[in-house]
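Quick note: numbers below take in every heavy atom, side chains included, and nothing from hydrogens, waters or symmetry partners. Protein chains get the first letters and strands the later ones, always in sequence-line order, with residue 1 at the start of each.
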Amino acid sequence: AQSVTQLGSHVSVSEGALVLLRCNYSSSVPPYLFWYVQYPNQGLQLLLKYTSAATLVKGINGFEAEFKKSETSFHLTKPSAHMSDAAEYFCAVSRLRSGYALNFGKGTSLLVTP
Amino acid sequence: NAGVTQTPKFQVLKTGQSMTLQCAQDMNHNSMYWYRQDPGMGLRLIYYSASEGTTDKGEVPNGYNVSRLNKREFSLRLESAAPSQTSVYFCASSDYRDGNTIYFGEGSWLTVV
């Protein structure tokens with residue numbers, strides 16, 4: 001079964017510092033992987049997705065993620081954190097069945113301090 | 001663009017009451033989903049509909065029923081609400097023509113007392 005594990009339920013960074021949110025996946029076949037962001041009291045918004053076209057995926061708001069098959073990882077990074085990046089981030093993998101529903105990680109809450 | 005619209009946004013129910021969460025999408029997507037979100041649990045799939053006329057169980061279907069009324073609408077029904085169903089519910093949709101990206105509604109906050 002396809003699954004993802006997010007390492008660290010809470011991450012705190014200073015404004016201007018590197019953001020690194022970790023995600024490892026488990027899949028028997030090449031996966032489709034996603035990162036979503038959720039701001040307080042809102043729905044989930046797609047940041048980026050990997051569909052095997054390129055291992056380095058660029059998303060919105062300056063985020064990017066690199067697919068590393070050898071490490072089964074899909075970590076999310078941003079070179080310089082902004083206060084507005086404070087949110088909950090979810091990594092997800094597409095199911096093989098279930099109408100392409102997603103299996104989500106438990107989420108990482110990003111705190112950005114001045 | 002409306003995207004995925006859910007109603008109601010907030011609801012308080014008493015144990016044993018029933019209610020239906022409504023969802024509609026205007027993107028002509030084939031697939032629709034209902035998820036629930038609980039603290040520290042991420043999002044868990046309740047039911048999905050891969051296409052109009054079909055519905056299937058996800059990870060946590062117990063206590064829920066769904067109806068794919070037409071291509072646009074996918075409702076979630078709680079027949080006899082329980083406190084364990086206190087959660088935030090998200091409807092979502094996707095389509096292979098859109099790279100199977102899933103688009104979410106704004107969520108429905110349900111409290112069962």
Side-chain angles (χ1 to χ4, degrees), chain A residues 1-11 21-26 29-54 57 59-60 65 87-109, chain B residues 1-6 9-10 23 25 27 29-61 66 68 71 74 88-109:
Chain A
Q2 286 67 37
S3 66
V4 291
T5 301
Q6 292 184 241
L7 303 177
S9 59
H10 294 83
V11 171
L21 304 182
R22 300 177 186 272
C23 174
N24 288 91
Y25 70 89
S26 173
V29 297
Y32 283 14
L33 293 161
F34 301 77
W35 276 100
Y36 281 84
V37 60
Q38 184 182 32
Y39 299 102
N41 301 318
Q42 294 187 23
L44 278 74
Q45 179 183 5
L46 179 70
L47 273 178
L48 51 80
K49 66 179 180 182
Y50 167 76
T51 58
S52 75
V57 182
I60 62 171
E88 188 87 13
Y89 292 81
F90 293 94
C91 182
V93 63
S94 184
R95 296 173 175 233
L96 290 180
R97 303 178 187 85
S98 306
Y100 295 99
L102 297 179
N103 283 341
F104 284 86
K106 295 185 177 181
T108 298
S109 179
Chain B
N1 294 335
V4 180
T5 304
Q6 300 178 225
K9 192 169 180 68
F10 299 98
C23 175
Q25 51 91 8
M27 296 174 282
H29 285 175
N30 280 303
S31 300
M32 297 187 73
Y33 317 87
W34 276 105
Y35 284 88
R36 61 178 287 174
Q37 182 180 22
D38 302 290
M41 301 291 289
L43 280 80
R44 293 179 292 170
L45 183 67
I46 305 172
Y47 271 92
Y48 68 96
S49 171
S51 61
E52 185 179 359
T54 70
T55 61
D56 286 287
K57 296 177 181 180
E59 299 173 70
V60 288
V66 291
R68 185 73 183 267
K71 191 171 186 180
F74 188 40
V88 184
Y89 293 85
F90 288 97
C91 180
S93 69
S94 74
D95 198 274
Y96 72 93
R97 292 167 293 184
D98 197 6
N100 290 316
T101 297
I102 292 185
Y103 296 89
F104 286 84
E106 292 291 301
S108 297
W109 274 253

Classify the ring geometry of B/F90 against B/F104: parallel below 30°, tilted from 30° to 60°, perpendicular beyond 60°. perpendicular

Check against side-chain contact (heavy atoms from CB on, under 4.5 Å), A/Q2 and A/S94: CA-CA 7 Å; A/Q2 286 67 37; A/S94 184; over 6 Å; no

For B/T101, is it the side chain, the backbone, both, or neither that has a heavy atom closer than 4.5 Å to a heavy atom of chain A? both

Exactly one of A/F104, A/Y25, A/W35 should register a side chain to side chain contact (heavy atoms under 4.5 Å, CB included) with A/C91. Which one does? A/W35

For the residue pair B/I46 and B/Y89, establish whether any side-chain heavy-atom pair is separated by less than 4.5 Å. yes

Let me know if A/Q38 has heavy atoms under 4.5 Å from chain B in its side chain, its backbone, both or neither. side chain

Counting only heavy atoms from other residues, nucleotides and ligands, does the tally under 6.0 Å from NZ of B/K71 exceed 12? yes

Tell me, side chain or backbone of A/F34 under 4.5 Å from chain B's heavy atoms, or both, or neither? side chain

Non-hydrogen atoms of chain B under 4.5 Å away: do they reach the side chain of A/L46, the backbone, both or neither? side chain

A/T108 side chain to A/G8 backbone, donor-acceptor under 3.5 Å: yes

Need one label for B/N100: side chain, backbone, both or neither, based on atoms under 4.5 Å from any heavy atom in chain A. both

Under 4.5 Å from a heavy atom of chain A, the part of B/Y35 involved: side chain

With a 4.5 angstrom heavy-atom cut-off, which part of B/Q6 approaches chain A: side chain, backbone, both or neither? neither

